[in-house]
Engineer: 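One structure follows; several queries about it will come next.
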2 protein chains.
Amino acid sequence: MAGNTSPPGATVTSRTVALLTAFDEQHRRLTLTELARRAGLAVPTAHRLLRELTSLGALARTPSGEYVVGRRLWDVGLLAPTPTDLREVASPFLHDLYAATLATVHLAVRDGTRVLYVERLAGRRSVPVVSTVGSRLPLHATGVGKVLLAHAPADVQAEVAGSLTPVTVHTITQPGLLRSQLQAVVADGYATTVEEMTLGACSVAVPVHRDADVVAALGIVVRSLRRDKQRLVSALKVAAHGIGRSLGAGDRRSR
Amino acid sequence: MAGNTSPPGATVTSRTVALLTAFDEQHRRLTLTELARRAGLAVPTAHRLLRELTSLGALARTPSGEYVVGRRLWDVGLLAPTPTDLREVASPFLHDLYAATLATVHLAVRDGTRVLYVERLAGRRSVPVVSTVGSRLPLHATGVGKVLLAHAPADVQAEVAGSLTPVTVHTITQPGLLRSQLQAVVADGYATTVEEMTLGACSVAVPVHRDADVVAALGIVVRSLRRDKQRLVSALKVAAHGIGRSLGAGDRRSR
DNA sequence: TCGTAGACTTCCGCTGAGTGGAAGGAGCGC
DNA sequence: GCGCTCCTTCCACTCAGCGGAAGTCTACGA
């Protein structure tokens, strides 16, 4: 009666991917049992798959036996088109912006109803923030998020407005207020937040255009906006414009 | 007689990984037939696996039907321990270094007998170079490569010295010359190249220590070394020292 | 307009690769 | 020593995966 009771609709491929995607920001090293549980697999099955993945270089093992993401997967991941192209093109502009402001600089795109951070520059003297490259945060609570939301399709805006979860006491939770702010973002060409994501941190962000489309948002985080908001906005706009122009020129062989 | 003639030793997992790793720097978008060929699979098999991978978000399709690496894979790849931790820790030091030199800044580790570039900062006015993040270059033809090679085990040094392929007319091709240069690198604490990888580009690089081990190399690329080599070397050493100290402090929960 | 070539997609019967329960270590704390 | 937890290996059953063949779509040249 030794046998086989495969869960419905689970192909080997999906099992493999399930194992790989069991890793996340909070779980960068996992044990066999934990991986099996997170991927919904029997322990021996997980063990065999993990051994294969390890020998192929997709995963690696720590000295203590835990599994971590391997270098080969890092390689392949870097080839993902949108983040990489954006990063590559934007890089010099981000450095200039950092040099000019000494603030934390963010480049982000929209991923469904969240902001996905594609690049982050932070100096040692910058305001501490929660974002890291690859992390996702709510659209309504960050500067880059508001920019991306303001230029998102109506159904996305509706979905976000339907569940405005607070992060700090200053996070926007009223759909009407959000709507009017988004209109202002489109009109003014920039968005701001004041302690809506992190207490003690404010942000300014502008859209990055490629032709008519908004493909990304560029933002900075500072301690206060009182002093020189206008200077920051214009520095951001210059950088965003430069990125957009380089992006337009850079679409080699995309039909 | 419809049947099954699976190649020996090919598991589904290895097929999946073969498909994913069929992508590289030069082939960031591939067609079905090309992928099947590169992974050594029958076209219908590749087709089915690719469809699964696409629906799972590991791959994506361009409007024209080609396959590209998906965002989910990018996510997972970012969790690979070594490159990410290094990047994260080194980031502020790299920016400072860039600000101080305006040169292209490289952070690299050794991957077998090649240099693996983990991070690159390039300004708009920097010397153009071939490296991108994730690319691998020969150890003997770059500044960071020489540093890593000088601190590599003897067998790696021997293997590299055994096949010194020239890149430019200035690339080192004599094992004896390489050996003496590597000794100098260890003694002096820095390495230089003069047009050995790219004509018109010189580089300086220093090791990044974590305790006694050399875990990475930090380098910059400039047009000429005549002018202020000593200033560059000391700027590099300061940054490398800072990175090493932060690394030592930053090894939370690694047994 | 039609024919041809090439690449993509769907179908389906055979079979061996994948499955997971069970059992055998290994390490640790009490 | 004893029990607990986690990792690893084994193995018989069976269904998931395989790929040849056939059908579809698109591009291009006559």
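Proteins get letters first, then strands, A, B, ... in listed order; numbering begins at 1 in each.
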Engineer: Not counting sequence neighbours, which residues clear salt bridge (charged side-chain N to carboxylate O under 4.0 Å, His left out) with A:Arg136? List them please.
Structural biologist: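 A:Arg136: salt bridge (charged side-chain N to carboxylate O under 4.0 Å, His left out) contacts with A:Asp111, B:Asp75.
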
Engineer: Rounding to a whole Å, what distance do you find between B:Glu66:CD and C:dT9:C1'?
Structural biologist: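 B:Glu66 atom CD is separated from C:dT9 atom C1' by 17 Å.
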
Engineer: Quick check on C:dT19: is either OP1 or OP2 less than 4.0 Å from any side-chain nitrogen or oxygen of A:Thr45?
Structural biologist: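 No, outside the criterion.
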
Engineer: Go through the steps for B:Ser131 and B:His106 under the test side-chain hydrogen bond (donor to acceptor under 3.5 Å, both in side chains), then give the verdict.
Structural biologist: CA-CA 9 Å; B:Ser131 62; B:His106 282 147; 2.7 Å; yes

Engineer: Please list, in numerical order, the residues of residues 48-61 of chain A that have a heavy atom closer than 4.0 Å to any atom of DNA chain C.
Structural biologist: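 Residues of residues 48-61 of chain A that come under 4.0 Å of DNA chain C are, in numerical order, A:Arg48.
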
Engineer: Of the nucleotides D:dG20, D:dC10, C:dA17, which one has an atom closest to the side chain of A:Pro44?
Structural biologist: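 Given the options D:dG20, D:dC10, C:dA17, the side chain of A:Pro44 is closest to D:dC10.
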
Engineer: Round to the nearest Å and state the distance from A:Arg37 atom CZ to D:dC6 atom P.
Structural biologist: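 Between P of D:dC6 and CZ of A:Arg37: 10 Å.
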
Engineer: How close or far is atom P of D:dG17 from atom CG of B:Leu41, stated in whole angstroms?
Structural biologist: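 From B:Leu41 CG to D:dG17 P: 14 Å.
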
Engineer: Between D:dG19, C:dT9, C:dG18, which one does the side chain of B:Arg15 approach most closely?
Structural biologist: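 When the side chain of B:Arg15 is considered, D:dG19 is the closest of D:dG19, C:dT9, C:dG18.
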
Engineer: Reckon A:His47 has a side-chain N or O less than 4.0 Å from the OP1 or OP2 of D:dC7?
Structural biologist: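 A:His47 to D:dC7 OP1/OP2: no side-chain N or O under 4.0 Å.
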
Engineer: Quick one: list whatever passes salt bridge (charged side-chain N to carboxylate O under 4.0 Å, His left out) with A:Arg120, sequence neighbours left out.
Structural biologist: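 Partners of A:Arg120 under the salt bridge (charged side-chain N to carboxylate O under 4.0 Å, His left out) test: B:Glu88.
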
Engineer: May I have the list of side-chain donor-acceptor pairs in residues 32-44 of chain A shorter than 3.5 Å, sequence neighbours left out?
Structural biologist:
unit_1, atom_1, unit_2, atom_2, d
A:Glu34, OE1, A:Thr31, OG1, 3.4
A:Arg38, NE, A:Ala22, O, 2.9
A:Arg38, NH2, A:Ala22, O, 3.0
A:Arg38, NH2, A:Asp24, OD2, 3.1

Engineer: Starting the side chain at C-beta, find the nucleotide from C:dG18, D:dT8, D:dC6 nearest to A:Val43.
Structural biologist: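 So the side chain of A:Val43 is nearest to D:dT8.
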
Engineer: Taking salt bridge (charged side-chain N to carboxylate O under 4.0 Å, His left out) as the definition, give me every residue that meets it alongside B:Arg87, ordered by chain and number, with sequence neighbours left out.
Structural biologist: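 By the salt bridge (charged side-chain N to carboxylate O under 4.0 Å, His left out) rule, B:Arg87 matches A:Glu119, B:Glu119.
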
Engineer: Going by atom type alone, with no hydrogens or angles, which donor-acceptor pairs under 3.5 Å involve a side-chain atom of residues 154-165 of chain A and a protein atom two or more places apart or on another chain?
Structural biologist:
unit_1, atom_1, unit_2, atom_2, d
A:Gln157, NE2, A:Leu149, O, 2.9
A:Gln157, NE2, A:Ala150, O, 3.3
A:Gln157, NE2, A:Ala152, O, 3.4

Engineer: Once you round it to whole Å, what is the distance between P of D:dC6 and OH of A:Tyr67?
Structural biologist: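 Those two atoms, OH and P, are 15 Å apart.
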
Engineer: Map A:Leu32 and A:Thr13 onto DNA chain D by nearest heavy atom, then report which one ends up closer to the 5' terminus.
Structural biologist: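 On the 5' side of the pair lies A:Leu32.
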
